[in-house]
> 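My structure is below; once you've seen it, I'll send some questions.
Just so we're on the same page: letters track the sequence lines, and every chain starts at 1. The basis for the numbers below is simple: all heavy atoms, side chains too, and nothing from hydrogens, waters or symmetry mates.
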2 protein chains.
Amino acid sequence: MQKILNNFGVIMQANLREHIEKIIPVTDEEFDFISSHFTSRKFKKHQFIIQEGDAVQYSYFVISGLLKLVYTDASAKQHIVSFAMEDWWESDFYAFYTKTKATMSLECLEDTEVLCCSLEDYKKLCDGLQKMERFFLEKATFGFLGSQRRILSWLTSNSKERYEQLLKQYPMLMQRVPKSLIASYLGVSRETLSRLSS
Amino acid sequence: MQKILNNFGVIMQANLREHIEKIIPVTDEEFDFISSHFTSRKFKKHQFIIQEGDAVQYSYFVISGLLKLVYTDASAKQHIVSFAMEDWWESDFYAFYTKTKATMSLECLEDTEVLCCSLEDYKKLCDGLQKMERFFLEKATFGFLGSQRRILSWLTSNSKERYEQLLKQYPMLMQRVPKSLIASYLGVSRETLSRLSS
DNA sequence: TCTTAGATGTGACATACATCACACGAAATT
DNA sequence: AATTTCGTGTGATGTATGTCACATCTAAGA
């Protein structure tokens, strides 16, 4: 692990800064302060960033690549809780915030670069710069709204409609992940999804 | 509508203060500042607090009573997005935050008392008192985690299991709302729910 | 008090979906 | 290049659940 002040880091920082400034503009000094709370890491396809049962040290900001957040049930069946691609935050957030063991795993579907932020650094960011607390509030709020939207999609739509909604919302996702995982995310079997497409 | 500085208001304030202090302690002065951003309102059973298509002026903190947040689909079928009881926040949050028209309605299942906070007052609270921004961040975070938990419950459990989970999590809810609404919340027909119980 | 509307249970039937099984081509691994 | 694994499609079959229908009981309203 390394601080993000190297050549790659510059690009990563630009990415993070752009992301933050979609919500709140920050000065160079402020952004220096912000980026000092992140470390950079790279993972290969198939690597686990979080494994079920481990402590969850970080919240992750995805610079490039693609992740799946997976819950494995009692009968060893895997369920995709969410995907995370460029500019998304991901973690087992419950375990992260409550300092408990991970109940989900976070695995790379592609080679992936992330910025890592520990809980202490997250708190220091909120305490040290009110703008960041504002930023995280906005992220959490829209994260909540996104989940509510997904629940509503469950309540109101059948499998085919939910598939089409997902296709429309994230067309690129279909090119990047196998359909069996899309099926798992939608909560249907891969066979059913296959039949829906035809 | 009235400021919450009357007799009823004192009780309501106590309720709100207790709720806030579960997360962050506040001084009397701070709480005076906080409560000046809320107004109090009472509604009767069957009254609509938010109607689909209306502007959503407020976010609501429930002092007493019970609400349902409902989405009505194209075929006029109603879906319960959530219930809200004492100490819960509720609104069509998407419409509230984005100042768009309500796509959902919020209706009283019992006589209900709420504290109302407008978007401007919400922002003033966040700007004027960092503790409140922290408070709302925590609320939003755990709101998100709650939704994610509900999605996971959908992905991993069948109707009977989801019903039992709900029963365990909110036993009082069963005494207060008709089973047809529970069914709608769970995403099954009332007939199916009826057969599950037996 | 009488009447109506709401809540709940249950049977009959249709259907969406899961599961198991197998096939086949593409991609990854050796 | 050979072999294995992965991704995908498709048939057969069982099951969970939706929908329609009707009965009963309770609560609310006139």
> Angle between the two end axes of the helix from dT1(C)-dA30(D) to dT30(C)-dA1(D), five base pairs per end, rounded to 10 degrees?
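Between the axes fitted at each end of the helix from dT1(C)-dA30(D) to dT30(C)-dA1(D) lies an angle of 50°.
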> What nucleotide among dG7(D), dG9(D), dG9(C) has an atom nearest to a side-chain atom of Pro178(A)?
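Comparing dG7(D), dG9(D), dG9(C) against the side chain of Pro178(A), the answer is dG7(D).
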> Tell me: CD of Glu107(B) to P of dG6(C), nearest whole Å?
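Spelled out: CD on Glu107(B) to P on dG6(C) is 12 Å.
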> Are there more than 12 heavy atoms of other residues, nucleotides or ligands under 6.0 Å from atom CZ of Arg149(A)?
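Result for CZ/Arg149(A): open.
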> Whole Å only: how far is the NE2 atom of His46(B) from the P atom of dA5(C)?
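Result: 14 Å.
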> Which residue, Glu161(B), Arg162(B), Gln165(B), forms the side-chain hydrogen bond (donor to acceptor under 3.5 Å, both in side chains) with Ser153(B)?
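Among Glu161(B), Arg162(B), Gln165(B), the one meeting side-chain hydrogen bond (donor to acceptor under 3.5 Å, both in side chains) with Ser153(B) is Gln165(B).
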> Please confirm whether Phe38(B) and Phe61(B) have ring centers closer than 6.0 angstrom.
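Here the rings of Phe61(B) and Phe38(B) have centres that are no less than 6.0 Å from each other.
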> Distance only, no hydrogens: is a donor on one side chain within 3.5 Å (strictly under) of an acceptor on the other, for Trp89(A) and His19(A)?
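Indeed, the side chains of Trp89(A) and His19(A) share at least one donor-acceptor pair under 3.5 Å.
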> Between Thr192(B) and dG18(D), is there a contact of a side-chain N or O with OP1 or OP2 at under 4.0 Å?
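Answer is yes, contact under 4.0 Å.
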> Establish whether the base of dC17(C) is bridged to the side chain of Glu191(A) by a donor-acceptor pair shorter than 3.5 Å.
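Answer no: no donor N or O sits under 3.5 Å from an acceptor.
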> I'd like to know if Arg195(B) reaches the base of dG18(D) with its side chain, counting only an N/O donor and acceptor under 3.5 Å.
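Donor-acceptor pair under 3.5 Å: no.
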> Whole angstroms only, please: what is the NZ-P distance between Lys45(A) and dA28(C)?
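Atom NZ in Lys45(A) sits about 6 Å away from atom P in dA28(C).
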> How close or far is atom P of dG9(C) from atom NZ of Lys179(B), stated in whole angstroms?
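So the two atoms are 5 Å apart, to the nearest Å.
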> Flag the pair Trp88(A) / Tyr170(A) as yes when their ring centroid distance falls below 6.0 Å, and as no otherwise.
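Yes - the distance between ring centres of Trp88(A) and Tyr170(A) falls below the 6.0 Å cut-off.
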> Any idea which of dC17(C), dT8(D), dG18(D) is nearest the Ser180(A) side chain?
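My answer, after comparing the listed nucleotides, is dT8(D).
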> Could you give the CD1-to-C1' distance, from Ile182(B) to dG9(C), as a whole number of Å?
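It works out to 17 Å between those atoms.
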> Given atom NZ of Lys77(A) and atom C1' of dC20(C), what is their separation to the nearest angstrom?
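It works out to 13 Å between those atoms.
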> Could you give the NZ-to-P distance, from Lys44(B) to dG29(D), as a whole number of Å?
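Rounded to the whole Å, the gap is 12 Å.
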> Between Leu193(A) (CG) and dT19(C) (P), how many Å, whole number?
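Distance, rounded to whole Å: 15 Å.
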> Indicate, with a heavy-atom threshold strictly under 4.0 Å, whether Ser189(A) touches base, sugar-phosphate, or nothing.
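If one applies the 4.0 Å heavy-atom cut-off, Ser189(A) turns out to touch a base.
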> Without swapping roles, check the side chain of Glu110(A) against the backbone of Leu67(A) for a donor-acceptor pair under 3.5 Å.
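Absent.
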> When you measure from the side chain of Ser157(B) to the backbone of Trp154(B), do you find a donor-acceptor pair of N or O atoms at a distance under 3.5 Å?
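No, because the side chain of Ser157(B) does not come within donor-acceptor range (under 3.5 Å) of the backbone of Trp154(B).
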> Which comes earlier along DNA chain C counting from the 5' end, the contact point of Arg190(A) or that of Ser159(A), where each point is its nearest nucleotide?
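Going by which nucleotide is closer to the 5' end, it is Ser159(A).
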